[in-house]
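Take a look at the following structure, please.
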Amino acid sequence: DTGVSQDPRHKITKRGQNVTFRCDPISEHNRLYWYRQTLGQGPEFLTYFQNEAQLEKSRLLSDRFSAERPKGSFSTLEIQRTEQGDSAMYLCASSSDRGQGYGYTFGSGTRLTVV
Amino acid sequence: GQQLNQSPQSMFIQEGEDVSMNCTSSSIFNTWLWYKQDPGEGPVLLIALYKAGELTSNGRLTAQFGTTRKDSFLNISASIPSDVGIYFCAGLWPGDDKIIFGKGTRLHILP
């Protein structure tokens, strides 16, 4: 397994356009998380899935954001009608159920720039 | 609301020096985690702590879970150039399923 994979690594889009990011977690991990990181800040939680069920969404996840994990494997994060404030690094992480060794494995992120 | 405060915000040290950084929480944690992030990459887990008072090492890194369960520190001994990066503390509150991150400590090593 090559770890958590995110695609694309970079995305530049015009304000008002829709964008979609993909995350492929570690295959045996049933939990998948999305975080957003802006410059000079730590990652901020957006949402997470256990298998295909979306169990929690942050208040940061406005109506323009939607995340899916249809088959409990890869996940997509879509941002509709992008705004300049959406510019950030979007990080995906995966983990197995809580227990010893708990701690997420992060992907390298998708850096979004809205112009 | 619940807060996680990490200090210092940045450090400038000479190669070979020891480094210490810490994190405090407004509420108790069940788990403390320390991550390192290099530019353009995602955070990488360094050390995980699960019990109050626990002291864990990973090579030149040592971290402790504070006895009050509201703080943790990370020490790096004999720093080397590849230690440069951003170090994040993170943790889990009881009954929660998501990791919360601090704002990071940026470590710079002077030539």
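So that the names make sense, note that chain A is the first sequence line, chain B the second, and so on, each numbered from 1.
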Original post:
Applying the 4.5 Å side-chain criterion to the ILVMFWY set and letting contacts propagate, would B/Ile100 and A/Trp34 be lumped into a single cluster?
Top reply: no
**OP:** Examine A/Phe21 and A/Leu60 and state if one hydrophobic cluster contains both, with Ile, Leu, Val, Met, Phe, Trp and Tyr joined whenever side-chain heavy atoms are less than 4.5 Å apart.
**Re:** yes
Original post:
Quick one: does NZ or CZ of B/Lys98 land under 6.0 Å from the six-membered ring centre of A/Phe45, within 45 degrees of the ring axis?
Top reply: yes
Original post:
Quick one: do B/Phe88 and A/Leu46 end up in the same hydrophobic cluster if we chain Ile, Leu, Val, Met, Phe, Trp and Tyr together by side-chain heavy atoms under 4.5 Å apart?
Top reply: no
**OP:** Tell me, yes or no, whether the heavy-atom count around B/Gln9 atom CD, taken from other residues, nucleotides or ligands under 6.0 Å, exceeds 12.
**Re:** no
Original post:
Can you say whether A/Gln6 sits under 4.5 Å from chain B via the side chain, the backbone, both, or neither, judging by heavy atoms?
Top reply: neither
**OP:** Tell me the residues of residues 102-110 of chain B whose non-hydrogen atoms fall below 4.5 Å from those of chain A, in number order.
**Re:** B/Gly102, B/Lys103, B/Arg106
Original post:
Between A/Tyr104 (side chain) and B/Ile99 (backbone), is there a donor-acceptor pair under 3.5 Å?
Top reply: yes
Original post:
Got a sec: does the CD of A/Glu68 have more than 12 other heavy atoms crowding it under 6.0 Å?
Top reply: no
**OP:** Identify which of A/Gly42, A/Pro43, A/Gly109 forms the greatest number of heavy-atom pairs closer than 4.5 Å to chain B.
**Re:** A/Pro43
**OP:** Check whether B/Gln6 gets within reach of chain A through its side chain, its backbone, both or neither, counting any heavy atom under 4.5 Å.
**Re:** neither
**OP:** Output the rest of the hydrophobic cluster of B/Phe73: all Ile, Leu, Val, Met, Phe, Trp and Tyr residues reachable through side-chain heavy-atom contacts under 4.5 Å, sorted by chain and number.
**Re:** B/Leu55
Original post:
By a 4.5 Å heavy-atom criterion (distance strictly below it), what part of A/Gln37 contacts chain B: side chain, backbone, both, or neither?
Top reply: side chain
**OP:** Check whether B/Leu92 and A/Leu32 end up in the same hydrophobic cluster, where Ile, Leu, Val, Met, Phe, Trp and Tyr are linked by side-chain heavy atoms less than 4.5 Å apart.
**Re:** no
Original post:
Is the CZ atom of A/Arg15 crowded by more than 12 outside heavy atoms at less than 6.0 Å?
Top reply: no
**OP:** Determine the minimum heavy-atom distance between A/Leu91 and B/Gly42, stating which atoms define it.
**Re:** CD2-CA, 3.9 Å
Subject >> CG (A/Leu55) with more than 12 external heavy atoms under 6.0 Å >> reply: yes
